[in-house]
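Just below is one structure, and these are the notes that go with it.
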Amino acid sequence: MAAPLSPTLRIAIVGAGMSGLAAALALARHGFTHIDVYEAASNLGFVGAGIQVAPNLSRQLQRLGVWEYLAEDAVEMEEASVRACATDEELTKVNLSHVAERYGQPHRVAHRAALANALYEGCKDAAPAITFHFSASVVGIDFAQHRIQIRHRDKEGDGHWVDADIILGADGVKSVVRKCMLAIHGEEDDAEDTGQAAYRIMLRRDQLVHDAELLALLDSRSTFRWIGARRHIIAYPISGHTIFNISTTQPDVNFAAAPTATWTTRADKGMMLAVYADFCPAVRRMLALVTENEVCEWKLRVHRPLKTWVEGHIALLGDACHPTLPHLGQGASQAIEDGAVLAVVLGKLTDTRDIHASLRVYERLRKTRTEFLVSQAAASGRDLHLADPAAQAARDEAFRQVAHGGPNPDKWIDRAVQDFVYGFDCVEDAEKLYGEYFAAEKGAKDRPC
Ligand SMILES: Cc1cc2nc3c(=O)[nH]c(=O)nc-3n(C[C@H](O)[C@H](O)[C@H](O)COP(=O)(O)OP(=O)(O)OC[C@H]3O[C@@H](n4cnc5c(N)ncnc54)[C@H](O)[C@@H]3O)c2cc1C
């Protein structure tokens with residue numbers, strides 16, 4: 001049997017976000033020893049915010065051997081409560097205790113930085129297989145020679161070119177790699193404006209101690225979603241119940257009025273309070289506790305499905321190819337799954353002539369699935385944000401019927417969606433289907449035109 005190529009192939013990863021870190025770590029676990037990660041920022045510097053750690057994500061973190069780094073921060077959720085924004089009426093309460101039983105892992109939430117740090121610690125443990133290059137922006141791709149052009153923040157000039165055997169574009173929703181890939185086919189890169197924006201807020205325990213009702217939310221094991229016309233808020237405790245994480249979604253006004261290149265900005269607290277002025281008193285008190293200059297606003301953007309994620313020896317992963325609205329809590333999880341699957345597929349390479357076919361196998365394993373989840377997240381947002389009173393009433397009745405076995409309009413707590421997402425082990429799936437998909441790719445390549 002031919003020897004695997006993993007010890008010799010040079011992998012360049014563009015971006016040290018969730019997908020880039022996961023891919024680097026998973027590749028190192030599969031025996032790759034020449035992995036270079038190029039990150040435009042000077043450090044990891046993740047924006048403070050909560051993140052849902054669903055069973056499909058915990059499973060991969062455990063497999064990657066980094067669960068211990070996150071365990072202390074993660075909080076297990078026992079319930080999910082959906083409430084009417086103005087009255088605080090509980091429309092549905094879903095008991096999440098079935099999650100651990102059914103999918104082998106409980107539903108957890110954690111600090112985004114803790115998740116990124118867990119992956120980063122794993123990468124450092126894998127040294128010297130992985131080398132990080134910070135303040136290094138990829139500004140060009142040579143698809144024929146599989147080279148990337150890198151510009152360092154503190155160096156003048158056009159930057160230098162680096163050769164690699166495989167290039168992975170893990171550079172997020174504003175991906176330069178995607179843009180270059182589309183350009184060689186004469187296509188415009190057009191990230192879509194969803195017209196929505198999100199405030200991300202974190203309240204510390206000491207900010208809540210004087211309000212018994214809010215303190216009870218922090219000490220609970222529940223997520224809370226308050227829904228209203230065109231807006232909603234989701235909140236849950238993270239970091240061992242020391243922080244109450246709040247994330248909103250509302251029509252974008254600020255970015256539309258003053259476009260910025262970054263899609264994140266410090267937001268005005270007064271404006272935020274005005275947007276949620278018709279929400280119930282508990283929500284308004286919660287938002288009023290926010291420190292003046294600690295409101296962060298994100299513009300929510302997506303991208304139309306791409307024809308392909310692969311060009312030659314170059315592939316996209318994570319938000320670069322399937323940016324997902326946050327309503328399903330799966331964007332980072334899917335990005336990390338991409339990295340895990342890439343490592344399985346590339347770990348089987350024994351001939352450099354099969355690199356392209358292997359990357360196509362990765363695309364087959366991931367594209368349809370992640371694009372379905374992108375559509376589910378968008379559908380969930382539409383249902384949560386209904387503005388027509390009759391449609392709202394029908395949806396709210398559907399929420400009440402969940403207790404009697406009806407489908408849940410909030411898709412992340414819908415049993416059928418959970419079965420599809422949480423019950424899935426992307427690595428097992430890749431191992432199972434690799435042979436069939438690889439043969440199909442090779443057959444497609446070898447067939448005469
Ligand atoms: C408001 C909000 C809430 C969310 N909540 C959740 C949640 O609860 N659960 C969940 O699973 N997901 C959530 N997501 C989605 C999740 O954050 C993303 O899906 C995930 O971060 C995608 O990871 P990524 O690695 O593909 O991209 P990113 O995390 O964006 O990382 C891309 C990296 O590439 C770097 N980069 C960019 N361009 C270049 C370049 N040219 N050269 C070098 N480096 C470059 C960037 O600096 C960055 O570090 C949320 C998203 C938003 C906006």
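One-based numbering along the sequence shown. As the structure lists them, so they are numbered: ligands from 1, and atoms in each ligand from 1.
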Check whether any N or O atom of [X], backbone or side chain, sits under 3.5 Å from an N or O atom of ligand 1, and answer yes or no.
X	result
V138	yes
A40	yes
S137	no
M18	yes
E39	yes
A332	yes
W298	no

Do [X] side-chain atoms and [Y] backbone N/O form a donor-acceptor pair below 3.5 Å?
X	Y	answer
E363	W309	yes
T324	H322	yes
R231	A229	yes
S137	V139	no
H241	L218	yes
R153	S135	no
R200	G50	yes
T308	V310	yes

Which of the numbered atoms in ligand 1 are under 4.0 angstrom from any heavy atom belonging to [X]?
X	value
G329	7 (C), 9 (N), 10 (C), 11 (O)
S19	24 (P), 25 (O), 26 (O)
S333	11 (O)
Q52	7 (C), 8 (O), 9 (N)
Y38	43 (C), 44 (N)
L300	53 (C)
V14	42 (N), 43 (C)
G318	26 (O)

From atom 34 (O) of ligand 1, work out which of G15, C296, P323 has a heavy atom at the shortest distance. G15
Heavy-atom distance to atom 38 (N) of ligand 1: which of L119, D171, N245, I150 wins? D171
The single option from K179, K174, H303 passing side chain to side chain donor-acceptor pair (under 3.5 Å) against D189: H303
Could you see which bit of [X] sits under 4.0 Å from ligand 1, with heavy atoms only: side chain, backbone, both or neither?
X	result
V176	side chain
A170	backbone
S175	neither
Q330	backbone
V139	neither
R200	side chain

Would you kindly say whether Q250 and Y276 are connected by a side-chain donor-acceptor distance under 3.5 Å? yes
Looking only at side-chain N and O atoms, does R230 offer a donor or acceptor that is under 3.5 Å from a partner on Q196? no
Would you compute the distance between atom CG of D383 and atom NZ of K411 and round it to the nearest 0.5 angstrom? 5.5 Å
In plain terms, say whether [X] and [Y] are close enough for a salt bridge, that is, a side-chain N and a carboxylate O under 4.0 Å apart.
X	Y	answer
D429	R369	no
K348	E431	yes
E428	R59	no

Of all the heavy atoms in T324, does at least one lie under 4.0 Å from an atom in ligand 1? no
Is the closest heavy-atom distance from R112 to ligand 1 below 4.0 Å? yes
